[in-house]
Amino acid sequence: MGAAQRVLLLDDDMDLLHDVSQVLTAAGFDVARCPTVNIAMMQLSVRPDFALVDLFLDGTLGDELSNGFVRDHLIPNGIPYGRLSSAPGLVPKEFSGEFVMHKRDFSMHPDKLVALIRQVLAS
């Protein structure tokens, strides 16, 4: 059996970070929990198979922090990613990745997030 697929999870909401991490770990993924962009950048030293990035991170320009991480680190390195946000309609189309999921949808149907990630990784 091969190594678990690695998912980088960037979200400043510690409760959600914990909940998503628990669901993904239970589904067999190796999860790198990142509450800040700086920690996420350090975690890129081990290439993730997938990244899940919140839209609004802590700070006055939280959306620019997350979109900048996607633009500067995920896209150039060909790392597939999805977005998890409480405001999915505000995710810019060019930074939406493989999917955009509302955090409420995750809370109601965590298995849907696992299925979306598996679908991306299988293609």
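No experiment lies behind these values; they were computed from the predicted model shown. Count residues from 1 along the sequence.
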* To do: Return yes if some donor-acceptor pair links the side-chain N/O of Asp105 with the main-chain N/O of Met101 below 3.5 Å, else return no.
  => no
* **Point-to-point distance, once rounded to the nearest 0.5 Å, from OG of Ser123 to CZ of Arg118** => 14.5 Å
* **Test log, rule side chain to side chain contact (heavy atoms under 4.5 Å, CB included), inputs Leu57 and Leu10** => CA-CA 9 Å; Leu57 299 174; Leu10 174 57; 4.0 Å; yes
* Asked: Can you hop from Leu44 to Leu9 via hydrophobic side chains spaced under 4.5 Å?
  -> no
* Structure fact -> For Ser85 and Leu55, the nearest pair of non-hydrogen atoms, with its separation, is OG-CB, 3.6 Å
* **Joint cluster assignment, Met41 & Leu65, ILVMFWY side-chain distance < 4.5 Å** => yes
* Hey, what do you get for CD (Gln119) to NZ (Lys112), rounding to the nearest 0.5 Å? -> 11.0 Å
* Asked: Are the side chain of Ser96 and the backbone of Lys93 linked by a donor-acceptor contact shorter than 3.5 Å?
  -> yes
* So, do Val53 and Ser66 sit near enough that their side-chain heavy atoms are less than 4.5 Å apart? -> yes
* Joint hydrophobic cluster, Leu113 plus Val100, side-chain heavy atoms closer than 4.5 Å -> no
* Asked: Who pairs with Arg71 by salt bridge (charged side-chain N to carboxylate O under 4.0 Å, His left out), at least two apart in sequence or on another chain?
  -> Glu64
* Asked: Given side chains that start at C-beta, do those of Ile117 and Leu24 come closer than 4.5 Å, heavy atoms only?
  -> yes
* Asked: Is there a side-chain contact between Ile79 and Leu74 (heavy atoms, below 4.5 Å)?
  -> yes
* Asked: Distance-only, no hydrogens or angles: does the His102 side chain make a donor-acceptor pair with backbone N or O of Arg104 under 3.5 Å?
  -> yes
* Structure fact -> CG (Leu116) and CD (Glu98) are apart, to the nearest 0.5 Å, by 10.0 Å
* Asked: Mind checking what makes ring pair (Phe, Tyr, Trp, His ring centres under 6.0 Å) contact with Tyr81, not counting sequence neighbours?
  -> none
* Please tell me if the side chains of Val7 and Asp30 come closer than 4.5 Å, counting only heavy atoms from C-beta onward. => no
* Between Gln43 and Arg6, a side-chain donor and acceptor under 3.5 Å -> yes
* To do: Output all residues satisfying ring pair (Phe, Tyr, Trp, His ring centres under 6.0 Å) with Phe99, sequence neighbours left out; order by chain, then residue number.
  => Phe50
* Structure fact -> What one should report as the nearest heavy-atom pair of Leu8 and Ala40 is CD1-O, 3.7 Å
* To do: Please report the C-alpha distance between Leu84 and Val20 in whole Å, then the side-chain angles of each, then the deciding distance to 0.1 Å, and finally whether the side chain to side chain contact (heavy atoms under 4.5 Å, CB included) criterion is met.
  => CA-CA 10 Å; Leu84 192 59; Val20 174; 3.8 Å; yes
* Asked: Can you hop from Leu52 to Val46 via hydrophobic side chains spaced under 4.5 Å?
  -> no
* Asked: Counting only N and O atoms by type, is there a donor-acceptor contact under 3.5 Å from the side chain of Thr25 to the main-chain atoms of Gln22?
  -> no
* Structure fact -> Closest heavy-atom pair, Asp72 versus Pro76, reported as atoms and distance to 0.1 Å, is O-CG, 3.4 Å
* Do His18 and Arg33 have side-chain heavy atoms sitting under 4.5 Å apart? -> yes
* Between atom CG of Asp54 and atom SG of Cys34, what is the distance when rounded to the nearest 0.5 Å? -> 12.5 Å
* Does any non-hydrogen side-chain atom of Asp49 lie less than 4.5 Å from one of Phe29? -> no
* Mind listing the closest non-hydrogen atom pair of Asp11 and Leu17 along with its distance? => O-CD1, 3.7 Å
* **Pro88 versus Ser86, closest heavy-atom pair with distance** => CD-C, 3.5 Å
* Asked: Heavy atoms, side chains only, cut-off 4.5 Å: are Phe106 and Leu16 in contact?
  -> yes
* Side-chain donor/acceptor of Arg83 to backbone N/O of Phe95, under 3.5 Å -> yes
* Honestly curious: do Val31 and Met14 fall in one hydrophobic cluster under the side-chain, below-4.5 Å linking rule? -> yes
